[in-house]
Amino acid sequence: MELCDYKLGMGTWQMAENRAPGPEERRALSFGIENGLTLIDTAEMYGSGSAETLVGEVIRTVRRDSLYLVSKVYPHNASRKKMKEACHASLRRLGTDTLDLYLLHWRGSVPLEETVSAFEELRREGCIRRWGVSNFDVSDMEELWSVPGGNACAANQVLYHIASRGVEFDLLPWLCEHRVPLMAYSPLAHSARYRSAIASSTALRDIAAAHGASIYQIMLAFLARQENVIAIPKASSAKHVAENLNSLNIRLTPDELRRIDADFAPPTKKTELDML
Ligand code: NDP
């Protein structure tokens with residue numbers, strides 16, 4: 001499968017954080033995979049590699065070609081010299097010989113041209129199938145497109161959720177036009193910054209009640225209804241994973257979307273790309 005065939009995946013940030021993972025975290029990931037959530041997002045940064053190790057343990061008995069594995073390289077490792085070593089370390093921890101997608105976690109000081117050429121070398125060697133970026137705004141994407149080979153970028157992973165909709169103004173349209181999927185991180189508004197706006201939204205509460213769902217399921221349904229958007233919620237219990245999966249069955253009506261717009265206004269001007 002290609003990235004654009006997915007609507008939902010599983011995030012792994014703050015799983016197995018520098019410690020042995022709990023059985024519940026393993027169960028959550030296994031349950032997701034068994035039920036079709038086969039896109040897994042991780043990074044060398046998460047738990048300094050322990051999230052990748054957890055994923056590697058969980059997928060050991062799963063057919064590799066049924067999975068879509070995404071990992072990310074630190075900006076300081078995104079050079080010709082260091083990326084190969086970083087990628088091989090990720091592959092070792094994941095127990096696989098290839099990543100489906102390898103992302104630059106955020107922009108650092110290594111020139112984009114060098115990062116693109118390092119990605120392409122890994123691709124030629126078969127260590128990665130595709131590469132992409134994360135936390136890139138429109139100006140970053142345009143700069144990437146001006147670099148030789150930059151338009152081979154296969155994804156941009158950015159913060160996007162119901163209470164942070166800035167990307168809808170320009171970045172999401174740009175990505176759609178250039179056929180680059182947007183991976184929405186923190187789709188459940190993990191950051192404390194948004195908690196009160198979400199908790200006080202009567203629209204969210206009413207819509208959730210009307211669908212017999214939780215507000216979190218509505219937040220995922222809000223993202224999943226859009227072409228070119230793939231949400232990657234992190235859930236450390238099978239119960240949460242099941243709820244997230246079930247959100248794919250929720251269809252929001254035009255009236256419900258209007259109510260959401262009233263509580264969480266869509267952007268009317270350019271705003272700086274939101275990040276965690
Ligand atoms: P999310 O928005 O996915 O929120 C995670 C929180 O939501 C956890 O506390 C989780 O609880 C809870 N949760 C999950 N499912 C449910 C549910 N059905 N009902 C209620 N609560 C639920 O936050 P993240 O910031 O983790 O983002 C998701 C993923 O995106 C990350 O794990 C990571 O893979 C990626 N990411 C990428 C970044 C980047 O810079 N590229 C930055 C940040 C994240 P519990 O764990 O108890 O289930």
Side-chain angles (χ1 to χ4, degrees), residues 6 8-17 21-29 31-32 35 37 39-47 49-52 54-55 68-75 78 90 94 99 101-108 131-137 140 155-164 167 171 181-195 197-199 204-205 208 211-224 229-250 273-276:
Y6 289 90
L8 201 63
M10 294 191 286
T12 60
W13 182 41
Q14 293 178 328
M15 279 183 155
E17 281 270 294
E24 193 59 29
E25 288 178 337
R26 285 177 212 273
R27 255 199 306 278
L29 289 173
F31 176 86
N35 288 281
L37 271 185
L39 162 63
I40 303 174
D41 180 77
T42 189
E44 62 172 335
M45 185 186 97
Y46 300 164
S50 56
E52 288 180 328
L54 165 65
V55 174
Y68 193 97
L69 296 181
V70 184
S71 193
K72 310 184 202 80
V73 60
Y74 268 125
S90 287
L94 287 161
L99 289 171
L101 184 62
Y102 198 33
L103 305 177
L104 170 62
H105 209 147
W106 65 90
R107 267 193 92 165
W131 61 265
V133 295
S134 176
N135 295 300
F136 269 43
D137 207 343
D140 302 305
N156 185 10
Q157 185 175 118
V158 292
L159 187 151
Y160 180 30
H161 56 71
I162 208 165
S164 180
V167 298
L171 183 59
L182 183 155
M183 295 180 78
Y185 77 68
S186 295
L188 300 173
H190 174 222
S191 158
R193 240 181 312 160
Y194 301 98
R195 224 162 269 159
I198 287 163
L204 254 185
R205 259 202 315 275
H211 287 272
S214 72
I215 58 167
Y216 300 100
Q217 290 177 302
I218 302 302
M219 291 171 77
L220 292 179
F222 172 79
L223 296 179
V229 174
I230 303 115
I232 47 166
K234 172 257 188 181
S236 29
S237 69
K239 177 180 176 285
H240 278 169
V241 173
E243 287 171 11
N244 297 346
L245 255 170
N246 285 335
S247 72
L248 293 176
N249 300 321
I250 299 171
L273 184 63
D274 202 356
M275 290 183 203
L276 264 189

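Numbering of ligands and ligand atoms starts at 1, following listing order. Just so we're clear, the structure is a prediction, and the values are computed from it rather than from any experiment.
Nearest heavy atom pair, residue Met10 against residue Leu29, reads CE-O, 3.4 Å.
With respect to atom 31 (C) of ligand 1, the closest heavy atom belonging to the protein is Trp13 CB, 3.5 Å. The protein non-hydrogen atom at the shortest distance from atom 7 (O) of ligand 1 is Leu188 CD1, 3.7 Å. Considering only non-hydrogen protein atoms, atom 18 (N) of ligand 1 sits nearest to Asn244 OD1, 2.8 Å. What sits closest to atom 6 (C) of ligand 1 on the protein, heavy atoms only, is Lys234 O, 4.0 Å. When only non-hydrogen protein atoms are considered, atom 17 (C) of ligand 1 lies nearest to His240 CD2, 3.4 Å. The protein heavy atom nearest to atom 45 (P) of ligand 1 is Ser236 OG, 3.2 Å. Atom 44 (C) of ligand 1 has as its closest protein heavy atom Tyr185 CD1, 3.7 Å. Among protein heavy atoms, the minimum distance from atom 9 (O) of ligand 1 is reached at His190 CD2, 4.3 Å.
Looking only at side-chain heavy atoms (C-beta outward), Trp13 and His190 come within less than 4.5 Å of each other. Using a 4.5 Å cut-off on side-chain heavy atoms (C-beta onward), Leu103 and Val73 make no contact. Within the 4.5 Å cutoff, the side chain of Leu37 has heavy atoms near those of the Leu8 side chain. Tyr185 places none of its side-chain heavy atoms less than 4.5 Å from the side chain of Tyr160. Between Phe136 and Arg107, the closest side-chain pair of non-hydrogen atoms falls below 4.5 Å.
The shortest N or O to N or O distance between Ala235 and ligand 1 is not below 3.5 Å. For ligand 1, the polar-atom distance check against Tyr216 finds no nitrogen or oxygen pair separated by under 3.5 Å. Residue contacts with ligand 1: Asp41 is placed with a nitrogen or oxygen under 3.5 Å of a nitrogen or oxygen of the ligand (distance criterion only).
Numbered from 1 in the order shown, with element, the atoms of ligand 1 that lie under 4.0 Å from a heavy atom of Glu243 read 17 (C), 18 (N), 19 (N). For ligand 1 and Ile232, the ligand atoms under 4.0 Å from any heavy atom of the residue are 28 (C), 29 (C), 30 (O), 35 (C). Taking a cut-off of under 4.0 Å to the non-hydrogen atoms of Ser186, the atoms of ligand 1 that pass are 1 (P), 2 (O), 23 (O), 24 (P), 25 (O), 27 (O), 28 (C), 30 (O). The ligand atoms of ligand 1 that sit less than 4.0 angstrom from a heavy atom of Ala189 are 2 (O). The distance from ligand 1 to the heavy atoms of Leu276 drops below 4.0 Å at these ligand atoms: 25 (O), 43 (C). Every atom of ligand 1 with a heavy atom of His105 under 4.0 Å away is listed here by number and element: 39 (C), 40 (O), 41 (N).
Under 4.0 Å from ligand 1, the heavy atoms of Asn135 that appear belong solely to its side chain. At a heavy-atom cutoff of 4.0 Å, ligand 1 is contacted by the side chain of Ser134 but not by its backbone.
Enclosure of atom OH in Tyr216 is not indicated, since only 12 or fewer non-hydrogen atoms of other residues, nucleotides or ligands lie within 6.0 angstrom.
One N or O on the side chain of Ser237 and one on the backbone of His240 form a donor-acceptor pair closer than 3.5 Å. Side-chain N or O atoms of Ser247 include one that pairs as donor or acceptor with a backbone N or O of Asn244 at under 3.5 Å.
The distance from the CG atom of Leu101 to the CG atom of Leu69 is 10.0 Å, given to the nearest 0.5 Å.
Ionic pairing of Asp274 and Arg193 is present here: one or more N-O contacts between side-chain nitrogen and carboxylate oxygen are shorter than 4.0 angstrom. Classification of Asp41 and Lys234 as a salt-bridged pair fails, no side-chain N sitting under 4.0 Å from a carboxylate O.
Under a 4.0 Å heavy-atom criterion, Tyr46 is in contact with ligand 1. Within the structure, the closest approach of Pro187 to ligand 1 falls below 4.0 Å when heavy atoms are considered. Distances shorter than 4.0 angstrom occur between a heavy atom of Lys72 and an atom of ligand 1.
Shown are Tyr46, Tyr102, Trp106; of these, the side-chain contact (heavy atoms from CB on, under 4.5 Å) with Lys72 is made only by Tyr46.
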